[in-house]
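Written below as structure tokens is the structure these notes are about.
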Amino acid sequence: MYYINRQSVANQEKGILDPSVSDGIVGSQSWAMESGRSTTIEAIRDRRHHLRRRLRAWYRRNRRELPWRMTRDPYSVWISEIMLQQTQVATVRGYYESFLAAFPTVADLAAADEQAVLRQWEGLGYYRRARQIHAAARQITGQYAGTFPRDVSEWMALPGIGRYTAGAIVSIAYDQPVPIVEANTTRMFARLIGFRGDPSTTTGQRLLWSIAEALLPRRGAGQFNQALMECGSLVCTPTAPQCDVCPIRSDCMAWADGIVDLIPPQKKRPKIIPVHEVAVLVVRRGRVLLRRCGDEERWSGLWDFPRFACAGMEAMPDDDISSAVLDQTGVSVQIQTVLTTIRHAVTRYRIKLDCYMASYVSGQPHSHRTLPVKWVPCRNLAEYPFSSTGRQLASLIDPLHRHQR
DNA sequence: AACACGGGGAG
DNA sequence: CTCCCAGTGTT
């Protein structure tokens, strides 16, 4: 009997068993499914009605009024779910509203230029999401004639939509009984069953999806899935969880064993690599030299200033900068001044970016490998999608240019 | 299983 | 600073 809860030891009617075994089972070894014995999943299934009732009641009283909760329109749900991938609710709020204002329907989205879609995504990160949304919109208007699929496997076949997102969309928009597992529910489920292993492994994932499935109601799955996430987000937080107000504390193994803070275990993070880069703002008669990032590099599809890695961490000689710009853009330049240094982090790199102002000497921009390099009026920079860092660089030009007039 | 992919919130 | 976030796709 693997599902043990000290809180309910006195309550045999809960069907929860001998607590003396509890300490011994709190280890990843104990979580293999074994036939012929009671499993964690079966214990969760036994308690599902109670857990659902408590979670739904909590959700009714504590749910946040979020923009994407105003509707069950599949298009809106889809956009919100993509934006929420690895992105916090607070960050998504503003982007969601302006994106829907720019592209009110899937037809509008499909008809738009990819650059226009990326511009709406500017600063949100994971820009592949924007390109995939755009590609999927064109697929939907094409093969589905603008009508969204209802089948979860059809959604999953679309770019950018995996198991979580597909489940979220069909459960929320169509109220289909499809489970979800994401960051909040992962944490909450792991604590609920006292799982001390790594939830991201294949076995951990299999376990979590089984729990999601075991808990899932036949009706109202969309609301229930959101209740799970909301409770995980607001109560079962990574640090300092609010166990005193948790609606399912009485079933929580981690609480019973006093190991809430140990679950889930901290991920081992890749080592951070310091990198030194140089960006050059080349200005010529009110225009600035831009290039578009290629598919094989970071920020693909977005625009950037000439930028390259610096060999060492010390300042780069002006001649080296000039030749690097010439190599990358085909334009010969004269380095003028150091503008500023921007520090940012991306993936496993912590980047120190030295930014220089330069003036045009000679040469024409060459677009190698179909990657555009071109002169763009400084006052039009807002029309181009940049990364967050690229936009910081652009903002150095814009006020400067105004000042020159 | 490991990694790339971004940027910001929160302690 | 650190850790984390309504994950997906590729290798």
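Per chain, numbering begins at 1; letters A, B, ... match sequence-line order.
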Let me know the distance between [atom1] of [X] and [atom2] of [N], rounded to the nearest Å.
{"X": "Leu234(A)", "N": "dG9(B)", "atom1": "CG", "atom2": "P", "result": "17 Å"}
{"X": "Asn184(A)", "N": "dC4(C)", "atom1": "CG", "atom2": "P", "result": "13 Å"}
{"X": "Tyr95(A)", "N": "dG9(B)", "atom1": "OH", "atom2": "P", "result": "10 Å"}
{"X": "Ile161(A)", "N": "dA6(C)", "atom1": "CD1", "atom2": "C1'", "result": "14 Å"}
{"X": "Gln85(A)", "N": "dG8(B)", "atom1": "CD", "atom2": "P", "result": "18 Å"}
{"X": "Leu84(A)", "N": "dT8(C)", "atom1": "CG", "atom2": "P", "result": "12 Å"}
{"X": "Leu262(A)", "N": "dC3(C)", "atom1": "CG", "atom2": "P", "result": "16 Å"}
{"X": "Arg129(A)", "N": "dC5(B)", "atom1": "CZ", "atom2": "P", "result": "14 Å"}

Go through [options] for me and flag the one nearest to the [X] side chain.
{"X": "Thr201(A)", "options": "dA6(C), dA1(B), dG8(B)", "result": "dA1(B)"}
{"X": "Tyr127(A)", "options": "dA1(B), dG8(B), dG6(B)", "result": "dG6(B)"}
{"X": "Arg348(A)", "options": "dC5(B), dC3(B), dC4(C)", "result": "dC3(B)"}
{"X": "Leu66(A)", "options": "dG7(C), dA1(B), dA6(C)", "result": "dA6(C)"}
{"X": "Thr202(A)", "options": "dA1(B), dG7(B), dC5(B)", "result": "dA1(B)"}

Side-chain H-bond candidate by donor/acceptor type, [X] with [Y], under 3.5 Å:
{"X": "Gln226(A)", "Y": "Arg69(A)", "answer": "yes"}
{"X": "Arg292(A)", "Y": "Ser300(A)", "answer": "no"}
{"X": "Gln115(A)", "Y": "Trp303(A)", "answer": "yes"}
{"X": "Asn225(A)", "Y": "Gln223(A)", "answer": "no"}

Below the 4.0 Å mark, does [N] have OP1 or OP2 next to a side-chain nitrogen or oxygen of [X]?
{"X": "Gln266(A)", "N": "dC3(C)", "result": "yes"}
{"X": "Arg128(A)", "N": "dT10(C)", "result": "no"}
{"X": "Trp78(A)", "N": "dA6(C)", "result": "no"}
{"X": "Gln86(A)", "N": "dC5(C)", "result": "no"}
{"X": "Arg298(A)", "N": "dC5(B)", "result": "yes"}
{"X": "Tyr349(A)", "N": "dG6(B)", "result": "no"}
{"X": "Thr239(A)", "N": "dC4(C)", "result": "no"}

Check the pair Glu297(A), Arg291(A) against salt bridge (Lys or Arg N to Asp or Glu O under 4.0 Å), reporting the backbone distance first and the verdict last. CA-CA 13 Å; Glu297(A) 64 182 319; Arg291(A) 69 175 198 100; 3.2 Å; yes
For [X], report the nucleic acid contact type (base, sugar-phosphate, nothing); a contact means any heavy atom under 4.0 Å.
{"X": "Thr165(A)", "answer": "sugar-phosphate"}
{"X": "Ser387(A)", "answer": "sugar-phosphate"}
{"X": "Gly123(A)", "answer": "sugar-phosphate"}
{"X": "Pro159(A)", "answer": "sugar-phosphate"}
{"X": "Ala183(A)", "answer": "sugar-phosphate"}
{"X": "Trp68(A)", "answer": "base"}
{"X": "Leu124(A)", "answer": "base"}
{"X": "Arg350(A)", "answer": "nothing"}

Of Thr203(A) and Glu296(A), whose nearest nucleotide on DNA chain B comes first from the 5' end? Thr203(A)
Please compare Gln392(A) and Lys268(A) by the position of their nearest nucleotide in DNA chain B and report the one closer to 5'. Lys268(A)
Donor-acceptor pair present, Thr87(A) side chain and dG6(B) base, under 3.5 Å: yes
Do Arg269(A) side-chain and dT2(C) base share a donor-acceptor contact under 3.5 Å? no
Find which nucleotide of DNA chain C each of Ile272(A) and Glu81(A) is nearest to by heavy atoms, and output the residue with the more 5' nucleotide. Ile272(A)
Please determine whether a side-chain nitrogen of the Lys or Arg among Glu213(A) and Arg48(A) lies less than 4.0 Å from a carboxylate oxygen of the Asp or Glu. no
Sub-3.5 Å donor-acceptor pair from the side chain of Glu277(A) to the main-chain atoms of Cys310(A), do we have one? no
Less than 6.0 angstrom separating the ring centers of Trp68(A) and Tyr96(A), yes or no? yes
Could you give the distance separating [M] and [N] at their [atom1] atoms, to the nearest angstrom?
{"N": "dG8(B)", "M": "dT8(C)", "atom1": "P", "value": "22 Å"}
{"N": "dC5(B)", "M": "dC5(C)", "atom1": "C1'", "value": "14 Å"}
{"N": "dG6(B)", "M": "dC4(C)", "atom1": "C1'", "value": "13 Å"}
{"N": "dG7(B)", "M": "dT10(C)", "atom1": "C1'", "value": "22 Å"}

